There are 2 protein chains.
Amino acid sequence: MGLTKTEIFTAEQNQLAQLLKAMAHPARIAILQRIMASNTCICGDLVDELGLAQATISQHLKELKNAGIIQGTIEGVSVCYCINPEIWGLMTAQIGTFLNAYKGPVSCC
Amino acid sequence: MGLTKTEIFTAEQNQLAQLLKAMAHPARIAILQRIMASNTCICGDLVDELGLAQATISQHLKELKNAGIIQGTIEGVSVCYCINPEIWGLMTAQIGTFLNAYKGPVSCC
DNA sequence: ATATTCTATTGTAATATTACGATTAAGCTT
DNA sequence: AAGCTTAATCGTAATATTACAATAGAATAT
């Protein structure tokens with residue numbers, strides 16, 4: 001045990017869960033907010049601004065990158081991260097569809 | 001180590017992360033979708049319809065309840081779960097604000 | 001070439017999550 | 001009361017996550 005039974009769920013459910021999971025950590029939310037705040041991308045600034053070790057930031061960035069939410073390009077000696085516009089759009093739509101499926105309290109407990 | 005350093009993040013970041021985390025599992029997404037599908041609430045139906053053990057479903061329901069996303073009322077011998085309208089609304093707004101903070105690719109990598 | 005800077009990776013410890021069998025608790029039914 | 005149904009809880013095993021020090025890799029600067 002201990003591992004999610006992905007095979008019993010739909011691809012959409014698994015994908016949505018994966019995207020939500022990628023953002024479901026305060027550090028990663030902070031990272032995404034920081035990237036969005038400066039249109040121009042950043043990188044090692046995150047290490048200074050958030051109070052986490054460099055290895056930890058790098059690990060969080062990797063998770064966001066694996067989920068496809070951000071992308072990084074090497075800019076000389078440093079790495080420039082930014083939002084992946086397509087994935088962000090798809091994700092926003094997918095989350096919106098899910099959340100808007102709720103049509104208020106009809107007759108419930 | 002091994003525990004999230006919540007103290008270095010804002011209350012908003014921690015709260016949003018917590019809500020996202022509560023939904024960041026295909027089983028919990030399936031549960032929420034199932035609850036939304038039948039306006040009228042369900043309970044043990046989930047055990048039959050999802051392919052997970054009763055204890056596992058109960059555990060997932062508990063997490064959703066802890067996050068405030070759903071609420072359960074005892075209905076005789078069974079328990080009726082439904083969406084918590086207020087939290088759902090707040091959550092939708094909070095996630096929307098976060099996702100809409102991204103204003104497309106301005107000049108990035 | 002050597003040093004410096006920046007980031008990724010490796011290794012590791014602490015903790016959390018996921019899943020399920022077994023048990024308990026609470027409410028009907030007879 | 002005794003039995004049945006439904007759901008929560010406990011205990012446990014397997015795996016995943018979070019965080020960091022230490023190290024490695026890659027590009028620039030001296």
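Residue numbers start from 1 in every chain, and the chains themselves are labelled A, B, ... in the order their sequence lines are given, proteins ahead of strands. Since the model is a prediction, treat every value here as computed from it, not as a measurement.
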Nearest-nucleotide comparison on DNA chain D, the residue closer to the 5′ end among Ala53(A) and Lys21(A): Lys21(A)
Side-chain heavy-atom pair Trp88(B), Leu19(B) within 4.5 angstrom cut-off: no
Separation of atom CG in Leu61(B) from atom P in dA8(D), rounded to whole Å: 6 Å
Between dA16(C) (P) and Lys5(B) (NZ): distance, integer Å: 15 Å
Touch class at under 4.0 angstrom, heavy-atom based, for Ile57(B) against every strand present: nothing
Touch class at under 4.0 angstrom, heavy-atom based, for Leu52(A) against every strand present: sugar-phosphate
Below 4.0 Å: OP1/OP2 of dA19(D) and any side-chain N or O of Thr56(A): no
Integer-rounded Å distance: dT17(D) P and Asn66(A) CG: 11 Å
Sugar-phosphate only, base, or nothing, as touched by Gln54(A) at under 4.0 Å among non-hydrogen atoms: base
Options dC6(C), dA7(D), dT9(C), nucleotide nearest the side-chain atoms of Ser78(B): dA7(D)
Per His25(B) side chain, nearest of listed nucleotides dT18(D), dA22(D), dA19(C): dA19(C)
Nearest-neighbour nucleotide for the Ala55(A) side chain, dT7(C), dT9(C), dA7(D) considered: dT9(C)
Pairwise 5' ranking along DNA chain D for Gly76(A) and Glu63(A), keeping only the more 5' one: Glu63(A)
Under 4.0 angstrom between Tyr81(B) side-chain N/O and dA8(D) OP1 or OP2: yes
Integer-rounded Å distance: dC6(C) C1' and Lys62(A) NZ: 17 Å
Rounded distance in Å - CG (Asp48(A)) to P (dT5(C)): 13 Å
Side-chain donor-acceptor pair present, Glu12(A), Gln94(A), cut-off under 3.5 Å: no
Length of the CD1-C1' vector between Ile70(A) and dA8(C), whole Å: 13 Å
Backbone of Ala22(B) reached by a side-chain donor or acceptor of Arg28(B) within 3.5 Å: yes
Under-3.5 Å donor-acceptor pair between Gln59(A) side chain and dA8(C) base: no
Test item: Asn14(B) side-chain N/O and Thr6(B) main-chain N/O as donor-acceptor pair under 3.5 Å: yes
side-chain N/O His60(A) vs dT17(D) OP1/OP2, d < 4.0 Å: no
Residue mapping more 5' on DNA chain C - nearest nucleotide basis, Gly51(B) or Ser58(A): Ser58(A)
Nucleotide dT18(C), atom C1' - distance to CG of Asn14(A) in whole Å: 14 Å
Closest nucleotide among dA27(D), dA8(D), dT9(D) to the Val77(A) side chain: dA27(D)
Sidechain-backbone polar pair: Ser78(B) side chain, Ile74(B) backbone, donor-acceptor under 3.5 Å: no
Heavy-atom check, side chain of Phe9(B) versus side chain of Gln15(B), under 4.5 Å: no
Integer-rounded Å distance: dT5(D) P and Asp45(B) CG: 16 Å
